[in-house]
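Notes for the one structure printed next.
A, B, ... follow the sequence lines: proteins, then strands. Residue 1 opens every chain. Hydrogens, waters and symmetry mates are skipped; everything else that's a heavy atom, side chains included, is used.
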Number of protein chains: 2
Amino acid sequence: MSLSDFSGRTVLVVDDEPMVREVVTTYLTRDGLDVTEASDGASALRAFEESQPDLIVLDVMLPKIDGYSLLSEFRSRSNVPVIMLTARGEETDRVLGLELGADDYLVKPFSPRELAARVRTVLKRSDGAGLHPGFVVEVGDLRIDPGSREVEVGGRAVELTPKEFDLLAFLATHPRQVFARSQLLEQVWDSNTAWQDPSTVTVHIRRLRQKIESNPDNPKVIITVWGVGYRFET
Amino acid sequence: MSLSDFSGRTVLVVDDEPMVREVVTTYLTRDGLDVTEASDGASALRAFEESQPDLIVLDVMLPKIDGYSLLSEFRSRSNVPVIMLTARGEETDRVLGLELGADDYLVKPFSPRELAARVRTVLKRSDGAGLHPGFVVEVGDLRIDPGSREVEVGGRAVELTPKEFDLLAFLATHPRQVFARSQLLEQVWDSNTAWQDPSTVTVHIRRLRQKIESNPDNPKVIITVWGVGYRFET
DNA sequence: CGGTCTCTGAACGTTCCATTAACACTGACG
DNA sequence: CGTCAGTGTTAATGGAACGTTCAGAGACCG
């Protein structure tokens with residue numbers, strides 16, 4: 001699968017205007033995306049549960065439940081990327097959106113071509129991307145808050161360096177999946193890390209363990225998979 | 001504490017039907033909110049004084065005192081956000097409510113989930129909203145009065161320049177959230193600040209710290225998050 | 001058992017970033 | 001016109017984080 005091939009990915013489009021939904025759907029489908037539509041908050045939540053979308057396009061102004069509430073609803077359940085749509089002149093509380101973990105904003109009327117482009121961008125980014133603010137990860141006695149970039153283990157705050165935080169966040173959002181050191185370099189470090197020394201990862205894993213494992217000599221959270229790499233265990 | 005964590009916040013629910021109160025209380029408690037109940041105007045006012053709620057859910061149709069009178073009672077005392085409940089068919093004078101300063105409306109019968117969502121939204125909005133004159137922010141030993149644009153730290157008045165005040169006010173109204181320098185530029189400075197030097201923020205943070213931190217070399221209020229930005233700590 | 005991989009602990013230079021002080025620009029005001 | 005507070009920029013400094021390396025110990029596997 002090439003990077004620009006999004007076949008099999010699903011996008012949920014939430015807007016109360018059928019026209020908007022239709023146009024958006026047309027353009028996204030053309031990119032090989034599956035599209036699910038919803039016209040209000042309730043059906044959006046239902047569709048979210050059912051279709052497990054890889055991305056959500058969300059109108060801020062919706063009947064009954066507004067987009068921001070919906071966004072935090074989504075955020076309380078997943079880390080899925082979200083692109084918000086706002087009408088011109090609408091008071092776009094960008095900060096609120098960013099705090100809640102919106103990935104991008106588009107002001108209506110927007111060009112569908114541009115929306116499609118943003119969708120592609122966000123999807124690409126979301127592969128390796130870290131956590132959205134508002135989506136607090138809690139596994140075991142670990143608690144990762146991307147908003148404040150704080151980590152607690154067993155209620156006790158732990159100081160992590162940026163790389164350590166990013167590394168942990170990545171692993172925690174892909175639990176039980178094994179990653180080679182080179183993969184982690186690719187995902188957590190800047191792009192083009194092919195030339196880098198994979199043992200860099202080893203060292204960072206080590207320092208991480210010393211901070212978050214109750215017994216670093218016998219790691220329970222970040223497991224070594226022999227000959228392969230590491231795995232985050234819940 | 002994440003943004004979607006409202007623990008410690010108190011909501012006052014005013015309705016004469018015990019059933020309604022119970023259902024609402026159940027849902028709000030689930031969100032980590034403390035809930036106080038009142039069944040009529042008099043007890044509502046008492047509860048308001050005692051529990052100092054962060055938000056009020058107010059039925060319009062109450063025995064003895066109606067909701068609108070109660071709303072203006074509240075308004076004369078505080079800036080607390082209010083969500084009004086109106087029965088279907090009741091002549092819902094939206095305009096009247098909005099003039100008196102209601103933040104949102106819900107028509108009975110309403111879905112408790114939706115009410116909970118609106119409560120979250122309004123609470124978040126009141127977090128992020130610019131400061132209303134007359135509404136004083138107090139966190140820790142900091143006291144920020146937007147009306148007079150005065151700041152006190154530990155009872156001692158502190159002179160801040162306009163930018164310093166705006167910067168502090170923004171951070172204080174978004175506690176624990178990390179903001180990049182560029183984000184702060186965007187929010188506190190005029191729009192279209194992309195070309196500006198982010199180190200401008202650094203300098204202002206520094207000057208702020210010297211004025212409000214008891215020990216500027218070891219800041220406790222405005223925390224540096226390395227490689228990311230700054231965070232306001234309560 | 002022997003070979004391979006990983007962990008440990010430390011050290012090192014490097015790079016990046018926040019801090020700091022100093023300076024230049026601006027508009028307000030007397 | 002001169003002063004001054006507020007502001008933004010710049011350059012120097014210091015420190016935190018990073019990547020790398022190494023040697024010895026330990027773990028795993030065939």
Can a donor-acceptor pair be found, under 3.5 Å and without considering hydrogens, that links the side chain of B/Asp54 to the backbone of B/Thr10? yes

Output the single nucleotide from C/dA11, C/dC7, D/dT9 whose closest atom is nearest the side chain of A/Arg207. C/dA11

So, does A/Trp189 get its side chain near the phosphate of D/dG19, meaning an N or O under 4.0 Å from OP1 or OP2? yes

5' priority, DNA chain C, between B/Val203 and A/Thr202 [closest heavy atom]: A/Thr202

Contacts under 3.5 angstrom, residues 154-162 of chain B side chains, donor-acceptor by atom type, not counting sequence neighbours:
residue  : atom : partner  : partner atom : Å
B/Thr161 : OG1  : B/Glu164 : N            : 3.4
B/Thr161 : OG1  : B/Glu164 : OE1          : 3.4

Report the distance from atom CG of A/Leu184 to atom P of C/dT6, rounded to the nearest whole Å. 13 Å

Write down the distance between CD (B/Glu164) and P (D/dT7), rounded to a whole number of angstrom. 7 Å

For the helix from C/dG13-D/dC18 to C/dG30-D/dC1, how many degrees between its two end axes (five pairs per end), to the nearest 10°? 10°

Between B/Arg143 and B/Glu150 (salt bridge meaning N to carboxylate O under 4.0 Å), is one present in this structure? no

Give every donor-acceptor pair under 3.5 Å between a side-chain atom in residues 215-226 of chain B and any protein atom, sequence neighbours left out.
residue  : atom : partner  : partner atom : Å
B/Asn215 : OD1  : B/Asp217 : N            : 3.2
B/Thr224 : OG1  : B/Arg209 : NH2          : 2.7

Take the protein atom CD1 of A/Ile205 and the nucleotide atom C1' of D/dG19, then report the distance between them rounded to whole Å. 15 Å

Mind checking side-chain hydrogen bond (donor to acceptor under 3.5 Å, both in side chains) for A/Thr202 and listing every partner two or more places apart, or none if nothing turns up? A/Arg181

Per B/Arg206 side chain, nearest of listed nucleotides D/dT9, D/dG19, C/dA21: C/dA21

More 5' along DNA chain D: A/Lys163 or A/Asp197, using each one's nearest nucleotide? A/Lys163

So if I take every side-chain heavy atom of B/His204 and compare against D/dT7, C/dA21, D/dT20, which nucleotide ends up nearest? D/dT7

Candidate nucleotides D/dT10, D/dT20, D/dA17, ranked by approach to the side chain of B/Ser199 - the nearest: D/dT10

Under 4.0 Å between a Lys/Arg side-chain N and an Asp/Glu carboxylate O for A/Arg9 and A/Asp34? no

Rounding to an integer number of Å, can you tell me how far A/Gln196 CD sits from D/dA17 P? 18 Å

Report yes or no: does A/Asp31 contribute a side-chain atom to a donor-acceptor pair with the main-chain N or O of A/Leu33 at less than 3.5 Å? no

Separation of D/dG8 atom P from B/Asp166 atom CG, nearest Å, is 11 Å

D/dA16, OP1 or OP2 - any side-chain N/O from A/Thr161 closer than 4.0 Å? no

With the side chain defined as heavy atoms from C-beta on, A/Pro162 is closest, among D/dT7, D/dA17, C/dA18, to D/dA17

Proximity to the side chain of A/Arg181 - top-ranked nucleotide from C/dT6, D/dA17, D/dT7: C/dT6

Could A/Glu73 and A/Arg75 be called an ion pair, given the rule that one side-chain N must be under 4.0 Å from one carboxylate O? no

Whole-Å distance separating the CZ atom of B/Phe165 from the C1' atom of D/dT7: 18 Å

Using the ring pair (Phe, Tyr, Trp, His ring centres under 6.0 Å) criterion, which residues pair with A/Phe110? Sequence neighbours excluded. none

Contact check, residues 208-234 of chain B vs DNA chain D, heavy-atom distance under 4.0 Å, returns B/Trp226

Between A/Phe179 and A/Phe170, ring centroids under 6.0 Å: yes

